[in-house]
J.: 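Pasting a structure below so you can have a look.
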Amino acid sequence: MVVVGDVIASKIIEKLVEVGFDYAADQFFARRRRMNDELQRLKDALPRIRAVVNAAESGQGEITGDDLDEWLWQLKDAVYMASDVLDDLDYTEIQKRVETDAAGSGPRGSKVSGFISDSKRRVSKFSKRAFKSDPTLEKLRGAVKRLSEVAAGVEVFNRLVTERNQQQQQQQQQQEQLRETGPIVRERDVLGRDGERKEVLQWLTRAPIANEDHEGISLFSIVGLGGVGKTTLAQVVYGDDTLQSSFSIKIWVCVSTRFDVKKIKGDILEYAAQRRPDVGGLGPLQVALEALVSSKKFLLFLDDVWNDDDLSSWQTLFAPMRCGLKGSKIILTTRSEKVAEMATLALGGTTNQPKKLIPLDKSNFLSLFNRYAFVGTNPHNHGRLQSIGEQIAGRLGGLPLAAKTIGALLRSNLDDSHWMNILQSRHISDHGPQRDGVMPALMLSYYYLPKHLRPCFAFLSTFPQDHRFLKDDLVLMWMALGFIQQSPQNPAQAPEDIGSRYVDELAKLSFLEQYDSWINASTQRLEEVYIMHDLLHDLSSKVSHGECFTFVGDMSINQIPNTVRHLYFETGDLGLLKDMDKWKNLHTLILKFNGYNDEHAVAFRQVFESLESIRVLRITIKEMEVLPCAIDKLRHLRYLSVDHRFTRLPSSICKLYHLQVLACRNIATSSVLVLNNLINLRHLLPCYLPYENDKMYRGMRKMNKMRITFLLISSLVPQLSKLVPSIIDIDAFRQEKK
């Protein structure tokens with residue numbers, strides 16, 4: 001599949017249309033009539049583009065296929081082209097303002113919005129005429145023309161979307177039938193869940209505590225990844241004999257993706273009475289359900305629940321259940337902590353901490369894996385396969401569903417080459433059944449991911465498996481790439497805060513897992529570290545295929561797709577770097593190079609000159625002492641991280657007017673002055689900035705909107721460290737200086 005990101009694409013297209021009409025309105029601008037026609041067609045087509053992109057990224061399989069994928073790639077390329085052109089126009093105006101400011105004839109520190117900003121800034125006619133001969137304006141017309149051409153092809157797919165919407169309800173019902181679960185556990189015994197089973201049973205059988213639960217009914221949620229075993233654990237608990245005397249009624253309902261209150265109530269009544277109720281309206285169903293549970297202590301299992309945004313439906317579902325006796329319980333299984341919070345809120349009880357079901361430990365998982373991979377035979381009779389199987393099991397991350405599906409695939413062919421082929425595959429989860437395998441189960445989670453989180457999640461596959469993501473750093477990269485969307489309800493909210501919420505949402509939805517946290521000794525700030533399950537990394541790679549790539553080890557350079565936009569590149573081969581000009585459209589480059597020497601300087605200058613569209617650049621080259629002066633060619637750069645010590649910053653860095661983040665270990669005093677013109681700079685990350693003769697203060701005071709985070713300054717003002725970890729702005733510097 002191709003992830004375009006309909007929210008981001010829409011904003012870029014809208015901005016292109018706005019700026020395009022502004023330029024075309026100038027009587028001195030050539031070809032304005034033709035461009036007006038193209039802009040109008042593009043504006044008219046935008047709703048249909050949104051509909052098709054959203055349908056394609058929401059798992060509506062009937063409109064997917066090679067033709068649509070090709071069109072989506074064309075759309076994505078055209079959108080990227082438009083974003084670069086808009087950025088160039090912004091850059092040119094910033095440059096003019098900086099130069100005017102330097103000449104002393106303009107306001108100091110003028111704020112210029114980025115191309116995706118919500119600002120309604122208009123470009124003056126003087127600027128348009130002055131730039132009339134600039135090739136950037138021809139690029140603008142080219143971007144409009146390209147997007148207009150791509151938009152013309154949306155009609156055929158838009159008709160398919162319309163037809164798909166008409167068929168959606170019937171197909172959704174079919175999917176629910178495929179996903180339906182029952183209370184009977186299929187395994188002869190369940191491995192590795194004794195502790196969790198006892199914990200849930202202890203909660204179920206404890207006596208009600210006064211004033212703890214609203215009207216005596218409480219809820220317990222089992223949360224975790226798709227395929228981690230939530231339903232199986234609930235089934236084991238349901239069948240436990242110790243519950244027979246504790247509850248008058250036990251009910252099992254599989255809710256699945258469509259939260260239909262009437263259907264759920266009907267399913268509850270059908271399960272309890274062994275027949276479907278004759279009534280179909282909500283009112284009669286409410287009365288019937290109230291009569292069922294009245295004066296009874298019931299236990300209700302709601303399996304596979306997804307509704308996390310409709311509180312009213314939850315309240316309607318729970319309303320008649322409050323007639324049950326004190327001590328009645330509800331157990332919920334879901335992939336999202338947000339669902340658990342919503343259900344608890346609707347019930348009106350106290351918030352119980354959800355039980356986060358973690359993957360199986362190595363020993364239990366390997367036992368389960370061998371049970372499926374060597375069914376009917378003794379693993380010890382297949383020493384070579386057993387060794388390969390242990391390595392395969394290590395890549396499956398402890399998900400029971402993966403053990404079952406991949407194990408079943410392996411047992412179909414007990415041949416060394418077959419097993420080695422699966423072990424060495426880049427994405428092991430692609431193997432197995434197409435309908436009920438581990439990847440379809442995970443893909444369903446992606447389809448239900450909010451739109452604003454999809455590009456953020458897809459970007460994570462740029463990094464290798466087991467990469468540890470620093471929360472703040474990840475947010476800053478998302479900001480630089482334009483993934484952070486300002487809320488219309490709270491336009492003043494800082495993008496850093498919005499991005500932090502994005503990470504929290506991905507964690508609640510089980511896409512990220514907090515690995516560790518600590519107080520940074522240097523900054524006294526809390527550092528939160530997240531990791532991603534290996535199979536979720538496979539999922540991220542699948543949805544970002546062709547756009548994100550990790551190049552490490554003995555890979556061939558030819559494996560990097562021409563369409564790549566986000567690249568993690570680790571090598572010690574200078575010859576490989578010389579091919580970098582093949583990927584001029586990169587937006588992200590994480591470069592780790594070993595063995596640098598001064599003779600490589602020319603090659604690295606050429607690499608920098610080729611990165612025409614780069615937004616995020618992180619380099620780790622231990623032997624490099626000075627950044628190439630060609631850094632000023634990276635006009636679109638917003639995030640620059642140098643993960644090693646170097647002696648100075650080149651003066652050309654002052655031309656990176658879009659730069660938002662500068663992260664470096666150590667720079668000399670003389671380098672500070674080059675920060676003067678970085679008027680969009682928001683963050684200096686762990687820096688040692690020597691102070692002498694007021695140079696640093698004079699170098700920074702012109703950055704009118706800068707937010708300096710994690711700043712460490714030696715010998716400036718010793719008491720400044722007391723301000724950490726709060727954000728320090730220029731006013732704070734002035735006060736400390738006084």
Side-chain angles (χ1 to χ4, degrees), residues 1-17 38 41-85 116 142-165 168 427 430 439 443-444 446-462 481-483 485 539-549 560-567 583 585-588 613:
M1 67 179 299
V2 183
V3 178
V4 176
D6 61 332
V7 177
I8 297 172
S10 294
K11 284 188 173 292
I12 292 173
I13 294 172
E14 287 170 355
K15 186 67 176 178
L16 183 72
V17 170
E38 291 166 341
R41 285 197 299 270
L42 182 57
K43 184 178 181 180
D44 294 342
L46 184 55
R48 297 189 292 279
I49 291 174
R50 286 196 194 104
V52 172
V53 172
N54 182 54
E57 294 180 6
S58 299
Q60 298 184 11
E62 288 70 16
I63 70 163
T64 61
D66 293 340
D67 290 342
L68 177 61
D69 281 349
E70 182 179 353
W71 182 83
L72 289 171
W73 275 118
Q74 292 173 359
L75 174 64
K76 177 171 271 192
D77 286 342
V79 167
Y80 278 133
M81 178 182 177
S83 72
D84 282 354
V85 171
I116 206 167
V144 172
K145 181 179 180 181
R146 179 64 181 139
L147 263 172
S148 180
E149 290 172 348
V150 174
V154 75
E155 293 303 329
V156 61
F157 302 113
N158 188 61
R159 287 196 296 271
L160 291 175
V161 169
T162 303
E163 295 172 4
R164 170 65 176 87
N165 290 337
Q168 187 171 10
H427 303 303
D430 283 340
M439 183 49 69
M443 186 62 78
L444 185 62
Y446 174 78
Y447 289 147
Y448 276 82
L449 198 61
K451 295 178 186 178
H452 62 274
L453 295 180
R454 292 175 187 172
C456 299
F457 173 68
F459 172 73
L460 300 180
S461 67
T462 306
L481 294 167
F483 293 165
Q485 300 300 309
L539 174 63
S540 179
S541 298
K542 187 177 183 68
V543 301
S544 66
H545 178 69
E547 186 165 15
C548 301
F549 196 85
I560 303 178
N562 293 330
T563 54
V564 68
R565 298 284 177 170
H566 310 287
L567 178 63
W583 302 290
N585 294 323
L586 281 178
H587 277 208
T588 302
S613 298

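Sequence positions, counted from 1, serve as the residue numbers for this chain.
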J.: Quick one: side chain to side chain donor-acceptor pair (under 3.5 Å) partners of Ser461, sequence neighbours excluded?
T.: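 Result, side chain to side chain donor-acceptor pair (under 3.5 Å) vs Ser461: Ser544.
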J.: For the OH atom of Tyr80 and the CG atom of Leu75, what is their distance to the nearest 0.5 Å?
T.: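 The OH atom of Tyr80 sits 11.0 Å away from the CG atom of Leu75.
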J.: Check whether any side-chain heavy atom of Lys542 lies under 4.5 Å from a side-chain heavy atom of Tyr446, and answer yes or no.
T.: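 No; the side chains remain at least 4.5 Å from each other.
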J.: Search all heavy atoms of Val564 against all heavy atoms of Glu547 and return the closest pair with its distance.
T.: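 So the two residues come closest at CG2-O, 3.5 Å.
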J.: For residues Leu481 and His587, determine if any side-chain heavy atom of one lies less than 4.5 Å from a side-chain heavy atom of the other.
T.: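 Result yes, sub-4.5 Å side-chain heavy-atom pair found.
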J.: How many angstroms lie between atom CG of Leu453 and atom CD of Gln485, to the nearest 0.5 angstrom?
T.: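 Nearest 0.5 Å value for the CG-CD distance: 11.0 Å.
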J.: Taking side chain to side chain donor-acceptor pair (under 3.5 Å) as the test, write out the residues that go with Glu149, two or more places apart.
T.: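 In terms of side chain to side chain donor-acceptor pair (under 3.5 Å), with neighbours along the sequence ignored, Glu149 is linked to no residue.
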J.: How would you list, by chain and number, every residue that makes a side chain to side chain donor-acceptor pair (under 3.5 Å) with Ser148, sequence neighbours excluded?
T.: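 Partners of Ser148 by the side chain to side chain donor-acceptor pair (under 3.5 Å) criterion come out as none, since no residue qualifies.
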J.: Counting C-beta onward and ignoring hydrogens, is there a side-chain heavy-atom pair between Arg50 and Leu46 closer than 4.5 Å?
T.: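 Result yes, sub-4.5 Å side-chain heavy-atom pair found.
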J.: Is the shortest heavy-atom distance from the side chain of His566 to the side chain of Leu460 under 4.5 Å?
T.: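 Result no, sub-4.5 Å side-chain heavy-atom pair not found.
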J.: Just jot down the ring pair (Phe, Tyr, Trp, His ring centres under 6.0 Å) partners of Phe549, sequence neighbours excluded, or say none.
T.: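 If we apply the ring pair (Phe, Tyr, Trp, His ring centres under 6.0 Å) test to Phe549, skipping adjacent residues, there are no hits.
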J.: Could you tell me whether the side chain of Arg565 reaches within less than 4.5 Å of the side chain of Lys76, counting heavy atoms only?
T.: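 Sidechains of Arg565 and Lys76: no contact.
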J.: What distance do Ile13 atom CD1 and Leu147 atom CG have between them, rounded to the nearest 0.5 Å?
T.: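 One gets 5.0 Å once the value is rounded to the nearest 0.5 Å.
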J.: State, to 0.1 Å, how close Phe483 and Cys456 come at their nearest heavy-atom pair, and which atoms those are.
T.: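 The pair with the smallest heavy-atom distance is CB-SG, 3.8 Å.
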J.: Partners of Asn562 by side chain to side chain donor-acceptor pair (under 3.5 Å), sequence neighbours excluded?
T.: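 Counting only residues at least two positions away or on another chain, Asn562 forms no side chain to side chain donor-acceptor pair (under 3.5 Å).
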J.: Using a 3.5 Å distance criterion without hydrogens, assess whether the side chain of Thr588 forms a donor-acceptor pair with backbone atoms of Leu567.
T.: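 No; judged by distance alone, with no hydrogens or angles, the pair does not exist.
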J.: Does some side-chain heavy atom of Asn585 sit less than 4.5 Å from a side-chain heavy atom of Met81?
T.: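 Not in contact.
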J.: Between Arg48 and Val154, what is the shortest heavy-atom contact and its length?
T.: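 For Arg48 versus Val154, the nearest heavy atoms are O-CG2, 3.7 Å.
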J.: Would you name the heavy atoms of Leu449 and Arg454 that are closest together and state the gap between them?
T.: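 Leu449 and Arg454 have their closest heavy atoms at O-NE, 3.1 Å.
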J.: Excluding sequence neighbours, so at least two apart, what forms side chain to side chain contact (heavy atoms under 4.5 Å, CB included) with Gln74?
T.: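 Applying side chain to side chain contact (heavy atoms under 4.5 Å, CB included) to Gln74 gives Glu70, Trp71, Arg146, Val150.
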